[in-house]
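Atom set for the values below is all heavy atoms of this structure, side chains included, hydrogens, waters and symmetry mates excluded. Order of listing sets the numbers, starting from 1, for every ligand and every atom in it.
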Amino acid sequence: MHIEEIRLHTVRLPLVAPFTTSFSTQTERNALLVEVRGTFRTADGVRDVLGWGECVSGSDPFYSSEYVDGSRHVIEHYLAPALLERQSHTEVTAETVSEILGHVVGHPMAKAALEIAILDAELHGRGESLARYLGATRTSVPSAVSVGIQDSIPELLDRVGGYLDEGYARIKIKIKPGWDIEPVRAIRERFGYRLPLQVDANAAFTLVDAPLLRRLDEFNLLLIEQPLGEADIRQHAKLAAEMSTPMCLDESIVSAESAADAISLGAAAVINIKAGRVGGYLEARKIHDLARALGVAVWCGGMLETGIGRAANIALAALPGFTLPGDISSSSRFYATDITEPFVASGGRMQVPTGPGIGAEPLPEVMREVTTDVRVL
Ligand SMILES: CSCC[C@@H](NC(=O)CCC(=O)O)C(=O)O
Ligand SMILES: [Mg+2]
């Protein structure tokens, strides 16, 4: 496509309830949306196109080193200029964005937002859905939910019961030192051992905690997600060898190469794929393909996306190797009002968007309410 304008929209969305992980408590989401406008050449002429992408950086650099203000700055001052400079002598396509931006170290979430916005625009030009472009084989995907750390076990059980009443296909709970064995035991005692259940520590433990973590093996968990630090590949492999619960990595998997390393070293039997964390949906598909070839299950993680990122995640989750339910809950799990038409799971499943591109776009009247900053590049 030919990019004519890039706009950066920052929106602020209150969460319906605080979301507590081992590293933070969030009560709102500041989200950065990339809008790309331009033209796309088709067999029957040149048409105006517009695409959207969501940057999943958090408000603060606590999940990873990226954060919204930093992502906005690096897009404005490094990434967008690089794309526009390249475009002055060669066409830019979604497939070339990663190479064009490769000289900028890091910032995968910012890069991913630009790539998917350009891909969304191109797919609108082609009249093709993201799901079809990526190679999706399903028309709906399981809808599962992530439950934050609660103030008490009774409150946790109430919240889990509420989500099960909504029909979610799987429960994931956040754990951290001091909130680990007991919440898992309580859920098993209340809801039974057949409920699909997994835990996510967001890197809160160390190998010193191995004896405690091994006690999770008695609870028939689907997996244990990122118990140790992002850089601790050797340590995750050692812990995996001592546990029967499948080891899943999230923060550690930042590219297809790191996925290959983790799998070959026995640190990951399952991978949580987040397109933003790995630099884009094209890299995410590479990880899917690699994992599938090696018999490693993958599932689609979540970063509290608005409907823009949520739509793209659903398409990704419809690829054949995504064999475990992803953190793809209804919009209402986090937001009273989404910036797009709300995504609503039904019977524990989410329909894959069929429209061109990501199959979702921001609602102008909502954007007017929630936008805190707009930059035109
Ligand atoms: C606050 S950053 C959230 C990161 C976390 N994401 C979730 O728990 C899923 C959130 C969602 O449903 O979008 C993870 O480490 O997997
Ligand atoms: Mg995680």
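- Taking backbone and side-chain atoms together, Glu251 has no N/O/S atom less than 2.8 Å away from the Mg ion (ligand 2).
- Both the backbone and the side chain of Met303 come within 4.0 Å of ligand 1, judged by heavy-atom distances.
- Contacts of Asp250 with ligand 1, taken as heavy-atom pairs under 4.0 Å, involve the side chain alone.
- At least one N or O atom of Asn202, backbone or side chain, sits closer than 3.5 Å to an N or O atom of ligand 1.
- Side-chain polar atoms of Arg72 and Thr10 form a donor-acceptor pair below 3.5 angstrom.
- Atom numbering of ligand 1 starts at 1 in the shown order; those under 4.0 Å from a heavy atom of Phe19 are 8 (O).
- Counting heavy atoms from C-beta outward, Cys248 and Trp299 have side chains that approach closer than 4.5 Å.
- Ring to ring, Trp52 and His9 are close: their centroids are under 6.0 angstrom apart.
- Looking at Gln26, Glu305, Lys274, Gln226 and measuring to atom 14 (C) of ligand 1, the nearest heavy atom belongs to Lys274.
- Atom OD2 is the N/O/S atom of Asp250 found closest to the Mg ion (ligand 2).
- Checking Lys286 against Tyr281 by side-chain atom types alone, no donor-acceptor pair falls below 3.5 Å.
- Using a 4.0 angstrom heavy-atom cutoff, Phe334 counts as in contact with ligand 1.
- Salt bridge absent: Asp48 and Arg37 never bring a charged side-chain N and a carboxylate O closer than 4.0 Å.
- Using 4.0 Å as the threshold, Lys174 has a heavy atom nearer than that to some atom of ligand 1.
- In summary, Arg285 and Glu283 do not engage in a salt bridge, as defined by a charged side-chain N under 4.0 Å from a carboxylate O.
- A salt bridge between Arg12 and Glu28 is present, with a side-chain N of the basic residue lying under 4.0 Å from a carboxylate O of the acidic one.
- Protein heavy atom at the shortest distance from atom 16 (O) of ligand 1 is Lys172 NZ, 2.9 Å.
- Residue-level proximity to ligand 1 for Val145 is absent, since no heavy atom of it falls below 4.0 angstrom.
- When only non-hydrogen protein atoms are considered, atom 10 (C) of ligand 1 lies nearest to Gly302 O, 3.7 Å.
- To the nearest 10 degrees, the Mg ion (ligand 2) sees OD2 of Asp200 and OE2 of Glu225 at an angle of 90°.
- For ligand 1, the polar-atom distance check against Ser146 finds a nitrogen or oxygen pair separated by under 3.5 Å.
- Ligand-side atoms of ligand 1 in range of Asp327: 7 (C), 9 (C), 12 (O), range being under 4.0 angstrom from any heavy atom.
- In the hydrophobic clustering of this structure, Val56 does not group with Leu282; members are Ile, Leu, Val, Met, Phe, Trp, Tyr whose side-chain heavy atoms approach within less than 4.5 Å, directly or through other members.
- Between His124 and Asp120, the side chains place a donor N or O and an acceptor N or O closer than 3.5 Å (distance only, hydrogens not considered).
- No donor-acceptor contact under 3.5 angstrom links the side chains of Asn202 and Gln226, judged on distance only.
- When hydrogens are left out, the protein atom nearest atom 13 (O) of ligand 1 is Leu304 N, 2.8 Å; that is the closest non-hydrogen contact.
- In the vicinity of Glu225, heavy-atom distances shorter than 4.0 Å reach the ligand 1 atoms 16 (O).
- In summary, Asp327 places no N/O/S atom under 2.8 Å from the Mg ion (ligand 2), failing the contact criterion.
- The closest side-chain donor-acceptor pair between Tyr63 and Asp250 falls under 3.5 angstrom.
- Met1 has its side chain within reach of Val36: a pair of non-hydrogen atoms, C-beta onward, lies under 4.5 Å apart.
- In the vicinity of Asp200, heavy-atom distances shorter than 4.0 Å reach the ligand 1 atoms 14 (C), 15 (O), 16 (O).
- Residue contacts with ligand 1: Arg310 is placed with no nitrogen or oxygen under 3.5 Å of a nitrogen or oxygen of the ligand (distance criterion only).
- The only option from Glu305, Lys274, Glu54 that meets the side-chain hydrogen bond (donor to acceptor under 3.5 Å, both in side chains) definition with Asn313 turns out to be Glu305.
- Remark: ligand 1 and Phe23 share no N or O pair separated by less than 3.5 Å (distance only, no angle test).
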